[in-house]
Amino acid sequence: MTGLVASVLVELFAIANMSNISFCDATFYMGCLKSERVALLKLKQNFRDPSNHLASWIGDRDCCEWGCVVCNNMIGHVFELNLESSEFGGKINLALVDSKHLNLLLIGWQPPPWPWCKLNTDGSCRNSWDAGAGGVIRDFVGHWISGFCMNIGECTVIMAEL
């Protein structure tokens, strides 16, 4: 088995050497995938961006070089999208869900008006027997007041969200 692994590694390094790919200094650059660039452009269409944070999101340009976007440069997939600015608004286009490599999506939180507090909750279910829920209460400035998390046990996804 170790002989097979060694021969595969030798072949990979030979291919990398012939293709000018470097595993040490990450000189190989893929650029973003067209399908993910199109999904991000669809997302931008439904977004309010008064400060032009998304001004670099233009047509055929490499989306890995756009503001608020982080890519894996070796495979070209978008894996982080930071939309935390409180100035953003609008709807998230479901085309973004097509990106199976997106690991982190940061979306802004809007504070309630003074002197109110806001309760945000979420629930999730893995299989039908492992569900949980949690929440956080923040004031009109965004300061954390309280939070909770709990194991719900066996239930459906809809029940976990409720």
Side-chain angles (χ1 to χ4, degrees), residues 1 5 8 23 26 28-162:
M1 183 70 174
V5 171
V8 169
F23 291 109
F28 179 73
Y29 179 72
M30 175 94 174
C32 77
L33 300 175
K34 180 179 179 182
S35 60
E36 294 183 358
R37 182 177 66 245
V38 168
L40 290 170
L41 289 170
K42 286 180 184 177
L43 172 75
K44 181 184 177 185
Q45 288 175 350
N46 296 322
F47 244 55
R48 290 186 312 277
D49 181 22
S51 295
N52 284 329
H53 293 292
L54 307 181
S56 61
W57 292 27
I58 299 172
D60 288 336
R61 290 186 54 201
D62 183 359
C63 66
C64 293
E65 296 177 7
W66 293 351
C68 305
V69 176
V70 179
C71 292
N72 178 324
N73 292 335
M74 290 297 287
I75 59 174
H77 285 289
V78 173
F79 75 89
E80 183 177 315
L81 187 56
N82 186 344
L83 301 174
E84 280 194 302
S85 171
S86 62
E87 298 172 343
F88 286 131
K91 297 179 181 178
I92 293 184
N93 190 310
L94 292 180
L96 190 61
V97 176
D98 287 340
S99 178
K100 295 170 181 61
H101 296 275
L102 186 63
N103 291 330
L104 183 60
L105 175 60
L106 301 172
I107 300 175
W109 176 82
Q110 298 293 319
W114 182 87
W116 292 90
C117 294
K118 186 182 258 188
L119 167 65
N120 295 102
T121 62
D122 194 18
S124 65
C125 183
R126 181 177 54 190
N127 302 317
S128 61
W129 61 86
D130 190 14
V136 62
I137 300 172
R138 294 191 276 183
D139 67 12
F140 59 93
V141 179
H143 294 138
W144 183 84
I145 296 172
S146 185
F148 70 94
C149 64
M150 59 190 293
N151 182 0
I152 299 174
E154 186 175 334
C155 72
T156 65
V157 173
I158 294 172
M159 290 176 64
E161 286 289 339
L162 294 175

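Position 1 is the first residue of the sequence, and the numbers go up from there.
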request  = Using the six-membered ring wherever Trp is involved, compare the ring planes of Trp66 and Trp57 and label them parallel, tilted or perpendicular (cut-offs 30° and 60°).
outcome  = parallel

Determine whether Val70 and Val78 satisfy the following criterion, side-chain contact (heavy atoms from CB on, under 4.5 Å), listing intermediate values before the conclusion. CA-CA 6 Å; Val70 179; Val78 173; over 6 Å; no

To the nearest 0.5 Å, how far apart are [atom1] in [X] and [atom2] in [Y]?
X	Y	atom1	atom2	answer
Ile145	Cys117	CD1	SG	3.5 Å
Leu54	Leu43	CG	CG	7.5 Å
Lys118	Asp139	NZ	CG	12.0 Å
Cys32	Leu40	SG	CG	7.5 Å
Asp122	Cys149	CG	SG	12.5 Å
Ile58	Lys44	CD1	NZ	6.5 Å

- Query: Can you check whether Phe140 reaches Trp114 side chain to side chain, under 4.5 Å on heavy atoms?
  - Reply: yes

Test side chain to side chain contact (heavy atoms under 4.5 Å, CB included), reference Phe148, set Thr121, Ile137, Val136, output is Thr121

Residues Ala160 and Ala131: closest non-hydrogen pair is CB-CB, 4.2 Å

Quiz prompt | Heavy atoms of other groups near Asp60 CG, more than 12 under 6.0 Å | solution = no

| request: Test side-chain contact (heavy atoms from CB on, under 4.5 Å) on Leu33 and Arg37 and set out the steps. | output: CA-CA 6 Å; Leu33 300 175; Arg37 182 177 66 245; over 6 Å; no

Discussion item. Using side-chain contact (heavy atoms from CB on, under 4.5 Å), reason through His143 and Arg138 one step at a time and then give a plain yes or no.
Written reply: CA-CA 5 Å; His143 294 138; Arg138 294 191 276 183; over 6 Å; no

Query raised in the report: Hey, is Cys63 close enough to Cys71 that the SGs sit under 2.5 Å?
Result: no

